[in-house]
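Heads up, the thing below is written out as structure tokens.
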Amino acid sequence: MLFAITLLVVATCLAEEQQQQAPSNVIAFNPETFAEAVPKKPHFIMFYAPWCGHCKRLSPTWEDLGQKYNTDEGAVAVGKVDCTQHSALCSDHDVTGYPTLKLFGKSEGGVRYRGPRDLASLERFIAEQLGTDVVGDEVPVPEPKTGLVEHTEATFKASVPKGKHFIKFYAPWCGHCQRLAPAWQALAASFEHDASVTIGKVDCTQFKALCDENEVKGYPTLLWFSDGKKIKKYSGDRSHEDLKRFTESMLALDEGSEGGDNTGAQPDAPTVILTAENFENAIEKGFTLVKFFAPWCGHCKRMAPTYDELGRKFVGHDSVTIAKVDCTQEVNRSLCSQQKVNGFPTLYLYKEGEKVAEYEGDRSLQDMAAFITRHLTHDEL
């Protein structure tokens with residue numbers, strides 16, 4: 001029995017040794033070879049640890065990727081860095097877990113891959129980042145999207161300084177962006193023949209500097225531009241109907257500010273409708289005044305027109321958002337409870353995601369505007 005176990009151990013060790021000695025299709029980098037090779041050509045690198053179970057499971061697929069792309073004609077080189085041997089190199093590239101996969105190409109510092117780890121998904125990511133076709137026929141190249149402007153840095157800077165633009169800043173790996181994509185495409189189709197506005201998108205993994213210039217700190221970020229000026233960040237619901245309503249209201253407001261005919265119906269007030277799903281993202285930047293209300297509440301009904309006027313008053317102010325939450329909706333009940341809403345309407349002012357004050361004054365336009373202005377002035381001192 002002991003002899004049989006010994007033979008099994010020896011055989012296992014020999015098999016592992018043979019596997020380790022087998023030639024690899026993937027380029028193993030150290031700090032010197034990494035610094036020399038990566039700037040010359042796009043590289044897709046796996047930062048790993050030999051003991052990591054996830055790394056071991058990915059290894060065969062990574063070898064297949066290397067075999068396919070590590071050729072003279074390959075658009076990208078596939079490599080790996082052993083972080084147990086080259087910890088400083090891994091630290092320089094923000095590797096905090098294994099495996100970390102980064103593609104070094106157009107974006108300085110590389111783009112982290114967070115998607116599925118099958119061969120087709122990895123190839124799709126390479127094609128998206130490099131703007132090339134996928135090798136083979138596993139993933140079809142998508143057709144151009146009707147009505148939706150896919151901006152590069154050059155087209156953005158050439159077109160946005162003139163006219164009205166509603167633009168989505170996103171990352172292909174972002175789950176929220178993927179869920180928004182059908183509604184955003186539908187929005188573009190809705191305004192395809194409307195010359196007064198264009199609906200566009202910017203891939204921040206390809207054009208990081210452009211996204212940094214526009215203070216994009218999360219994905220997706222939806223910004224309204226008018227003649228090159230960033231007017232408003234959209235933080236409402238992301239259905240096609242809500243996005244279309246917002247676009248129409250912003251166009252109507254722009255027409256009014258340019259001396260158009262104001263005798264018709266007033267546009268929808270630019271108060272942002274928040275839910276538990278988008279609340280944290282909406283209040284994370286600048287000042288946000290949030291009205292927690294119930295549709296059946298008499299005080300809320302009487303206050304509604306004035307609150308809408310307050311929203312119009314601060315349209316175009318980069319640091320102020322006027323928003324509201326319907327606490328009777330099931331999705332929002334826990335949010336209202338967490339925010340300690342004990343009556344309707346309740347108005348809280350948030351700064352950079354933190355609650356800073358409750359408005360308890362008169363519900364006139366002048367007093368509510370003065371309340372916000374006081375906090376803005378204090379913040380600037």
Side-chain angles (χ1 to χ4, degrees), residues 176 179-180 217-218 220-222 224 232-239 241-246 249-250 253 266-379:
H176 293 296
R179 288 189 287 274
L180 171 63
K217 302 190 183 301
T221 292
L222 312 179
W224 182 273
K232 194 171 184 67
K233 176 182 176 182
Y234 178 77
S235 302
D237 285 349
R238 294 170 181 168
S239 69
E241 293 74 17
D242 287 302
L243 292 166
K244 184 177 179 182
R245 188 179 301 114
F246 171 81
S249 69
M250 292 303 292
L253 285 168
Q266 292 294 315
D268 291 343
T271 50
V272 178
I273 300 173
L274 301 183
T275 67
E277 295 178 348
N278 64 12
F279 184 81
E280 290 186 4
N281 180 60
I283 68 171
E284 68 182 359
K285 184 180 177 184
F287 287 88
T288 309
L289 183 65
V290 182
K291 176 181 72 172
F292 296 88
F293 75 101
W296 47 258
C297 159
H299 293 296
C300 304
K301 291 177 182 178
R302 286 189 289 275
M303 180 186 181
T306 306
Y307 198 73
D308 287 346
E309 286 297 327
L310 185 69
R312 292 191 185 95
K313 185 177 182 67
F314 284 95
V315 164
H317 198 300
D318 290 341
S319 300
V320 178
T321 300
I322 308 300
K324 57 188 177 183
V325 173
D326 181 352
C327 290
T328 64
Q329 293 184 359
E330 186 174 352
V331 68
N332 296 331
R333 288 174 186 168
S334 62
L335 171 64
C336 296
S337 177
Q338 290 168 5
Q339 297 300 316
K340 296 182 170 55
V341 176
N342 298 316
F344 304 122
T346 293
L347 276 69
Y348 288 141
L349 182 67
Y350 298 83
K351 176 190 172 187
E352 309 295 343
E354 299 293 332
K355 187 191 299 181
V356 294
E358 179 178 1
Y359 180 73
E360 299 180 299
D362 186 70
R363 291 169 184 164
S364 67
L365 176 63
Q366 292 76 14
D367 284 354
M368 288 191 290
F371 169 76
I372 295 172
T373 303
R374 279 196 305 273
H375 283 274
L376 281 172
T377 303
H378 177 75
D379 189 57

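Pairing each heavy atom of Val331 with each of Ala276, the nearest pair is O-CB, 3.2 Å. The shortest non-hydrogen separation linking Thr221 to Gly218 is OG1-O, 2.6 Å. Closest approach of Tyr307 and Leu347 over heavy atoms only: CE1-CD2, 4.0 Å.
Residue pairs meeting the side chain to side chain donor-acceptor pair (under 3.5 Å) criterion with at least one partner in residues 334-344, sequence neighbours excluded, are Gln339-Tyr350. Within the structure, the ring pair (Phe, Tyr, Trp, His ring centres under 6.0 Å) test picks out the following pairs touching residues 325-346 (sequence neighbours left out): Trp296-Phe344.
Between atom CD of residue Gln329 and atom OG1 of residue Thr275 there is a gap of 8.0 Å, rounded to the nearest 0.5 Å. Between Lys355 atom NZ and Thr288 atom OG1 the span is 13.5 Å, to the nearest 0.5 Å. Atoms NZ and NZ, on Lys217 and Lys285 in that order, are 6.5 Å from each other to the nearest 0.5 Å. The line from OG1 of Thr271 to CG of Leu310 is 9.5 Å long, rounded to the nearest 0.5 Å. Separation of atoms NZ (Lys291) and CG (Asp326) is listed at 10.0 Å; rounding is to 0.5 Å. Separating the CZ atom in Arg245 from the CG atom in Asp237 is a distance of 9.0 Å, to the nearest 0.5 Å.
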TODO: Tell me, with the steps shown, if Val272 and Ile322 meet side chain to side chain contact (heavy atoms under 4.5 Å, CB included).
DONE: CA-CA 6 Å; Val272 178; Ile322 308 300; over 6 Å; no

- [ ] Verify side chain to side chain contact (heavy atoms under 4.5 Å, CB included) between Thr321 and Ser235, making sure each step is shown before the conclusion.
- [x] CA-CA 9 Å; Thr321 300; Ser235 302; 5.5 Å; no

Task: Audit row: Phe246, Leu222, side chain to side chain contact (heavy atoms under 4.5 Å, CB included) steps and yes/no - done: CA-CA 11 Å; Phe246 171 81; Leu222 312 179; over 6 Å; no

TODO: Kindly determine whether Val325 and Phe293 satisfy side chain to side chain contact (heavy atoms under 4.5 Å, CB included), including the steps that lead there.
DONE: CA-CA 6 Å; Val325 173; Phe293 75 101; 5.7 Å; no

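A donor-acceptor pair under 3.5 Å is absent between the side-chain atoms of Asn281 and the main chain of Asn278, judged by distance alone.
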Would you mind writing out the side-chain donor-acceptor pairs for residues 298-305 within the sub-3.5 Å range, not counting sequence neighbours?
residue: His299; atom: ND1; partner: Arg302; partner atom: NH2; Å: 3.1

Please set out all donor-acceptor pairs under 3.5 angstrom arising from side-chain atoms of residues 358-370, sequence neighbours excluded.
residue: Tyr359; atom: OH; partner: Asp362; partner atom: N; Å: 3.3
residue: Tyr359; atom: OH; partner: Asp362; partner atom: O; Å: 2.1
residue: Asp362; atom: OD2; partner: Ser364; partner atom: N; Å: 3.2
residue: Asp362; atom: OD2; partner: Ser364; partner atom: OG; Å: 3.1
residue: Ser364; atom: OG; partner: Asp367; partner atom: N; Å: 3.2

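Using a 4.0 Å cut-off between charged side-chain N and carboxylate O, Glu309 and Arg312 make a salt bridge.
Other residues, nucleotides and ligands contribute only 12 or fewer heavy atoms inside 6.0 Å of the CD atom of Glu277. Heavy-atom neighbours of Glu280 CD from other residues, nucleotides or ligands within 6.0 Å: at or below the threshold of 12.
The side-chain heavy atoms of His176 and Arg238, taken from C-beta on, include a pair separated by under 4.5 Å. Put simply, the side chain of Asp308 reaches to within 4.5 Å of the side chain of Lys324, judged on heavy atoms. Taking 4.5 Å as the limit, some side-chain heavy atom of Leu289 sits within range of a side-chain heavy atom of Phe371. Using a 4.5 Å heavy-atom cutoff, the side chains of Val290 and Thr346 are not in contact. No side-chain heavy atom of Cys327 sits under 4.5 Å from any side-chain heavy atom of Asn332.
By the salt bridge (charged side-chain N to carboxylate O under 4.0 Å, His left out) test, Glu284 is found to be paired with Lys233, residues two or more places apart in sequence or in another chain being considered. In this structure, the ring-ring contact (aromatic ring centres under 6.0 Å, His included) partners of Phe292, at least two apart in sequence or on a different chain, are Tyr348.
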